[in-house]
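Here is the structure we will look at.
In listed order, ligands and their atoms are each counted from 1.
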Amino acid sequence: MSMENKNCSHEHQGVRGLPDTVAFSPDGRALRILDQTKLPGETVYLDLTEPGEIYEAIKSLRVRGAPAIGVAAAIGLYCAALRFGETDTDRFIAKLRETADYLNSSRPTAVNLSWALNTMTEAVDPALSVEDNLARLRAKAEELRDADIAACRAIGEYGLTLLCDGAGILTHCNAGHLATTRYGTALAPIHVGRERGMNFRVFCDETRPLLQGARLSAYELCANGVNTTVICDNMASQVMKNGWIDAVIVGADRIAANGDTANKIGTSGLAILAKHYGIPFYVAAPYSTIDLSTKCGDDIVIEQRSPDEVSELWYEKRMTPEGVSVYNPAFDVTPAEHITAFITDRGIVRPPYTEKLARLFGEV
Ligand code: MRU
């Protein structure tokens, strides 16, 4: 179901001028997302209940950003389960696992998706009735949503300690409010700083091919009154050379145990540039993005997307010759050695990463 520019009942407005990215619908029976493929031109909300439509929304980036897809999948799984029509607990749980596996296959790189779905399926108990298990699933989805908001808020607070009023910041893709339940990761320090009357000059890489920087980061930063400049991806070196950048802050889709970090394609190049110019390169991410079971970046599966995103999308007519090969990886891996520090919800983490990440985010 699609609604254009309707008044939605959002309980809180975390960032000035921005509605929640993922939420329960007002009747609590559907996943409500802000359709990010329509931004910045149109504000369209979708209420989703069917596994197929939730899968499609994640795959086609209607809802996107690692933490947001985790929370969307959790709420979506619960809403789908409400409609299973099962009274037998064993069959209900089997269907729940099957649906979780299906949703998990929508995108491979962001660990938050599998992490949230596993957390949901682990919440059910075969000894309980379907009704009681549904109540548990609802509570777990709410817990994941609230934990994401709290984690992003904490990232904002910690990140702000690294920034001065008026700082020039370069960011890539959208790791903001729109990519999480609220506040964002890379953009959270900026939003929290705005609440305290600070301003920054933020440069958003446009982020080819899907333009998350030009369309989404620019939209949410402008909505919050931030001094925002969009640049093409190939201009980053120039703005750094001009002395306009005090810090690069990006998000993450999966952080391996040694600190190697998968994030939007183009991130690793920025890290190399930042090192060249002596600019700190920060990765902001919550606990749900840290995957200690993945040893290093080589073990991270990188999503490959349709060639059409490069050769046709955004153009009036096809702009590459028919038949030419197109390589379209959605993410790349930044080696840990290029990362100055991680800004996490448990504090700022500096090298050596293997020991420190294990200490902060390990089981013990
Ligand atoms: O393909 P996307 O738009 O989902 O990619 C998003 C990113 O790469 C973000 O930087 C990452 O998920 C962190 S979002 C807080």
Straight-line distance of L117 CG to R97 CZ, nearest 0.5 Å
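Between L117 CG and R97 CZ, I get 13.0 Å after rounding to 0.5 Å.
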
Taking atom 1 (O) of ligand 1 as the point of reference, which of K264, E303, R254 owns the nearest heavy atom?
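The option holding the nearest heavy atom is K264.
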
Closest candidate by heavy atom, reference atom 12 (O) of ligand 1, pool A285, A186, G251, A66
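Shortest heavy-atom distance from atom 12 (O) of ligand 1: A66.
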
Hey, is [X] one of the residues with a heavy atom under 4.0 angstrom from ligand 1?
X	value
A110	no
R107	yes
G184	no
P67	yes

Give me the residue, atom name and distance of the protein heavy atom closest to [atom].
atom	value
atom 3 (O) of ligand 1	R64 NE, 2.5 Å
atom 13 (C) of ligand 1	A252 O, 3.3 Å
atom 8 (O) of ligand 1	D253 OD1, 2.8 Å

N or O contact, [X] vs ligand 1, cut-off under 3.5 Å:
X	value
T185	no
Q212	yes
N263	yes
A179	no

Give the ring-plane orientation class for F24 versus Y78, where under 30° counts as parallel, over 60° as perpendicular and anything between as tilted.
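Geometry flag for Y78 against F24: perpendicular rings.
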
Test side-chain hydrogen bond (donor to acceptor under 3.5 Å, both in side chains) on D253 and T109; report intermediate values, then the result.
CA-CA 6 Å; D253 284 83; T109 305; over 6 Å; no

Within 4.0 Å of some non-hydrogen atom of A175, the atoms of ligand 1 are 10 (O), 14 (S), 15 (C)

Out of all atoms in ligand 1, which are within 4.0 Å of some heavy atom of G65? Include the element for each.
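Result: 4 (O), 12 (O), 14 (S).
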
Which residue, R62, R215, R64, forms the side chain to side chain donor-acceptor pair (under 3.5 Å) with Q36?
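Looking at R62, R215, R64, the match for Q36 under the side chain to side chain donor-acceptor pair (under 3.5 Å) is R64.
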
V192-I149 co-clustered via ILVMFWY side chain contacts under 4.5 Å
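No, V192 and I149 fall in different hydrophobic clusters.
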
Among R145, R182, R32, which residue satisfies the salt bridge (charged side-chain N to carboxylate O under 4.0 Å, His left out) criterion with D20?
R182

Result of checking L270, I245, T340 against I279 for side chain to side chain contact (heavy atoms under 4.5 Å, CB included):
I245

Among Y353, F281, Y287, find the residue that satisfies the ring-ring contact (aromatic ring centres under 6.0 Å, His included) test when tested with F342.
Y353

Would you call E56 and K59 a salt bridge, using N to O less than 4.0 angstrom?
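Not counted as a salt bridge, because no side-chain N and carboxylate O are separated by less than 4.0 Å.
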
Please name the pair of heavy atoms, one in G213 and one in T207, separated by the smallest distance, quoted to 0.1 Å.
N-OG1, 3.5 Å

